[in-house]
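A short write-up of the structure that comes next.
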Amino acid sequence: LTLATDSTIQTEVALQYLAEGRNPYVEDYYGTELEKYPYPKRLASANPALEYFVYLPTLVWLSYPVYELAQWGLGFFDQRFTLMLATLALVWLVWRELKWKPEVAVLLAPCLIASPWFAYNLLAGQNDALPLMLVVAALVLWHHERFVIGATVLALAATTKQTVWFVLPFAAFYLWQVCHLRWGERGGVWWWRQVGLFAGVALLALLPFLWWNAAALWQDTVGYIIGTTTITYPIWGVGLAELLFRLGAIPSRQAEFPFAWLQLIVALPLLLWLLYHQRRLPPHLAYVIGAWGLGLGSSWLVGRFFAPAHLGFIITTLALVYLVRYFTPYAGRASGLTSL
């Protein structure tokens, strides 16, 4: 239990609930393995995860087949099985795009495979590997003009973890650029088709839990994050919130503070500035991933919590930017329509 994070333990319990026909967004996690997790008492008297399952439904949907297969074949399940599969897929995707340039492909080892930041997050069961792989996969599919599958995969990514929402403006503008390069004046029509497909797939992923109990889904995945629930996430980490707490500007780790406004003040202008510069550049995947990392990092830095694992994710994202910048730039195709 001490090696894994509470997030991976909670996900395992959520999958067990689902297998039993119970809603993981309605149930609490008292009396489960999560309650045995040694949550630091300096942060809170009880782990908030015992009350709220913050992750989005596609994390459950994609993990469930691995859960069932592991239970059948091994008799037990560890959420890190899912994350390892996602990591292998991510490494393969990047290697496949770089194999024509072996002197860069070998940098997969220090940048990703052997990176202490990424390796720690993976071993501890931080679930960032899955949405990261899905985002990269969606962008690579668009890069190769597989628009329908790419939009589908990005919708799955966006309904896996809220951190993916920060990449959506940059991914949407990248797709806008590519559609206009590919179809000219009709590019806007094709762009809206992909946006519609994205929205439809995202809604489909959320729909079972919306139908089951929409209020519980909202409370756990959105309300808890923005601070509308009775239990708030404790202040901690390596960001501004921890600094203010240590300086005595905030009386307790559970105290209310307008971090959401700080995040808007800092992150929103940065996002707009990054989008402004994106429109002046040719479409390239590296810019999308780099802008995602910078926008998300700025929000985390001034948010209620900025965990070392979050810093590790940002470093991993920027390392991917270095690799992805060597992908062949998008140039469009002379003929033929490849929508799938």
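Starting from 1, each residue takes its place in the sequence as its number.
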- Check whether the ring centres of Trp183 and Phe147 lie less than 6.0 Å apart, and answer yes or no. yes
- Message: Is the shortest side-chain heavy-atom distance between Asn47 and Tyr29 below 4.5 Å?
- Response: no
- Task: Any chance you could measure Phe166, atom CZ, to Leu274, atom CG, to the nearest 0.5 Å?
- Result: 12.0 Å
- Message: Measuring centre to centre across the rings, with the benzene-like ring taken for any Trp, is Phe313 within less than 6.0 Å of Trp292?
- Response: yes
- Item | Side chains of Gln10 and Tyr55 in contact at under 4.5 Å (non-hydrogen atoms) | yes
- Item | Side-chain donor or acceptor of Ser298 paired with backbone N/O of Gly295 under 3.5 Å | yes
- Does Tyr174 have its ring centroid less than 6.0 Å away from the ring centroid of Tyr287? no
- Query: Taking atom types as modelled and ignoring hydrogens, do the side chains of Glu33 and Tyr37 form a donor-acceptor contact shorter than 3.5 angstrom?
  - Reply: no
- Does the ring center of Phe173 lie less than 6.0 Å from the ring center of Phe170? no
- Message: Do Leu18 and Trp61 have side chains that approach each other closer than 4.5 Å (heavy atoms only, starting at C-beta)?
- Response: yes
- Quick one: hydrophobic cluster around Leu264, which other residues, with the 4.5 Å side-chain cut-off, linked directly or via members? Trp261
- Message: According to salt bridge (charged side-chain N to carboxylate O under 4.0 Å, His left out), who are the partners of Asp128, at least two apart in sequence or on a separate chain?
- Response: Lys161
- Query: Is the Phe77 ring parallel, tilted or perpendicular to the Phe81 ring (thresholds 30°, 60°)?
  - Reply: perpendicular
- Message: Closer than 3.5 angstrom, by distance alone: can the side chain of Tyr25 be matched with the main-chain N or O of Ala215 as a donor-acceptor pair?
- Response: no
- Message: Between Trp165 and Leu56, is there a side-chain heavy-atom distance shorter than 4.5 Å?
- Response: yes
- Compute whether any side-chain donor of one residue and acceptor of the other, for Glu51 and Tyr30, lie under 3.5 angstrom apart. yes
- Determine yes or no for a side-chain-to-main-chain donor-acceptor pair under 3.5 angstrom, with His310 supplying the side chain and Leu301 the backbone. no
- Message: With a 4.5 Å cut-off on side-chain heavy-atom distances among I, L, V, M, F, W and Y, is there a chain of contacts connecting Trp142 to Trp192?
- Response: yes
- Message: Please check this pair: side chain of Trp191 against backbone of Ala172, looking for a donor-acceptor N/O pair closer than 3.5 Å.
- Response: yes
- Message: Treating Arg22 as the side-chain partner and Glu20 as the backbone partner, does any N or O pair qualify as donor plus acceptor under 3.5 Å?
- Response: no
- Interatomic distance, CG@Leu154 vs CG@Leu141, rounded to 0.5 Å, equals 10.5 Å
- Message: Determine whether a donor-acceptor pair (N or O, by modelled atom type, separation under 3.5 Å) exists between the side chain of Arg304 and the backbone of Tyr233.
- Response: yes
- Query: Counting only N and O atoms by type, is there a donor-acceptor contact under 3.5 Å from the side chain of Ser252 to the main-chain atoms of Ala255?
  - Reply: yes
- Task: State whether the side chain of Trp212 and the backbone N or O of Asn23 hold a donor-acceptor pair below 3.5 Å, judged by distance alone.
- Result: no
- Item | Test item: Gln162 side-chain N/O and Thr221 main-chain N/O as donor-acceptor pair under 3.5 Å | yes
